[in-house]
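Right, one structure below, let's go through it.
Residue numbering restarts at 1 for every chain, and letters A, B, ... go by the order of the sequence lines.
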2 protein chains.
Amino acid sequence: MAVAKKNLFTEEENRIADLAKAIAHPARVSILLYLIKKNSCVCGDIVDELPLSQSTVSQHLKELKRVGILQGEIEGTKTCYCINPEVWMEMGGLFKGLTEKFTGCC
Amino acid sequence: MAVAKKNLFTEEENRIADLAKAIAHPARVSILLYLIKKNSCVCGDIVDELPLSQSTVSQHLKELKRVGILQGEIEGTKTCYCINPEVWMEMGGLFKGLTEKFTGCC
DNA sequence: TTTTATTATCGTATTTTTACGATAAATAAT
DNA sequence: ATTATTTATCGTAAAAATACGATAATAAAA
């Protein structure tokens, strides 16, 4: 979608859609579940966890970083990935807000 | 992504990704917010609410129907759209589950 | 300094998504 | 019966996402 078209929707609609897009691929969900399971910042071995090439995983990590869900910190030759708690909370709040707005119909 | 690649991830990972994909476009978020605001099944006027052509809106509605979030019922020449409460709850549960799995790190 | 290890980026092919106009299909209205 | 209304689908063009190998960039290790 062209950048200009973003103006056709509200900030909230765009942000929800953008965050959803970030988790709209099983590889990225898998990455997040792995980080959560490890319960810490993870350096390195994410590629080994996924059935995808190193460059593809790097691209997925980039997408998660783009929306702010992940932050990467360089530690020597490796990079440590962490979930950004603020953005994670923002996402949780937006999804919960959307979910709970609907209370039933008909 | 090829269908075969779906096997590389868990059912949960695929379902979360698929539901997220369905709301990964501001137009579709907008449609859902509109249906929620109306608090009932809506016949017709969804197209008028969006700055997109009728065929494009129809495509977005189809995507929401694909994952089960929406159900459409034909009423004469119009179609009534409703949020499917079961799928909506499923989505809410999966998103909440993912969100709450992370309690913090480092 | 050279080699090794790790991650990012580039180039590219393929697939998918998005958008719209045109048209079909179905029903209601005249 | 004809016309109008509404929605879905088709065809298609353009854009975006996905995947991978090759290569660059960086820092550690030897």
Has [X] got a side-chain N or O lying under 4.0 Å from the OP1 or OP2 atom of [N]?
X	N	value
A:Tyr81	C:dA8	yes
A:Ser53	D:dC20	yes
B:Lys78	C:dA28	no
B:Lys62	D:dT7	no
A:Ser55	D:dC20	no
A:His60	D:dA19	yes
B:Thr56	C:dT18	no

Atom [atom1] of [X] to atom [atom2] of [N]: distance rounded to whole Å?
X	N	atom1	atom2	value
A:Leu52	C:dA8	CG	P	15 Å
A:Phe9	C:dA19	CZ	C1'	11 Å
B:Leu50	C:dC20	CG	C1'	15 Å
A:Ile74	D:dA28	CD1	C1'	14 Å
B:Asp45	D:dT5	CG	P	16 Å
A:Glu75	D:dA27	CD	P	13 Å
A:Glu73	C:dT7	CD	P	14 Å
A:Gln54	C:dT6	CD	C1'	8 Å

Exercise. Does the pair A:Ser58 and A:Ser55 meet the rule for a side chain to side chain donor-acceptor pair (under 3.5 Å), with working shown?
Worked result: CA-CA 5 Å; A:Ser58 187; A:Ser55 59; over 6 Å; no

Problem set entry | Donor-acceptor pair present, A:Gln59 side chain and C:dC10 base, under 3.5 Å |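 Looking at the base of C:dC10, it does not pair with any donor or acceptor on the side chain of A:Gln59 (distance under 3.5 Å).
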
Exercise. Is there a donor N/O on one and an acceptor N/O on the other, under 3.5 Å, for the side chain of B:Thr77 and the base of D:dT5?
Worked result: yes

Under 3.5 Å donor-acceptor, [X] side chain and [Y] backbone:
X	Y	result
B:Glu100	B:Gly97	no
A:Arg28	A:Ile23	no
B:Trp88	B:Ile69	no
B:Asn14	B:Thr10	yes

Looking for any heavy atom pair under 4.0 Å, which part of the strands does [X] touch: base, sugar-phosphate only, or nothing?
X	value
B:Gly72	nothing
A:Thr79	sugar-phosphate
B:Glu63	nothing

Problem set entry | Electrostatic pair B:Arg66-B:Glu63, nearest N-O below 4.0 angstrom |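 Salt bridge flag = yes for B:Glu63 with B:Arg66.
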
Problem set entry | Nucleotide nearest A:Ser58 when distance is taken to its side chain, options C:dT18, D:dA8, C:dA8 |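 In terms of side-chain proximity for A:Ser58, the closest of C:dT18, D:dA8, C:dA8 is C:dA8.
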
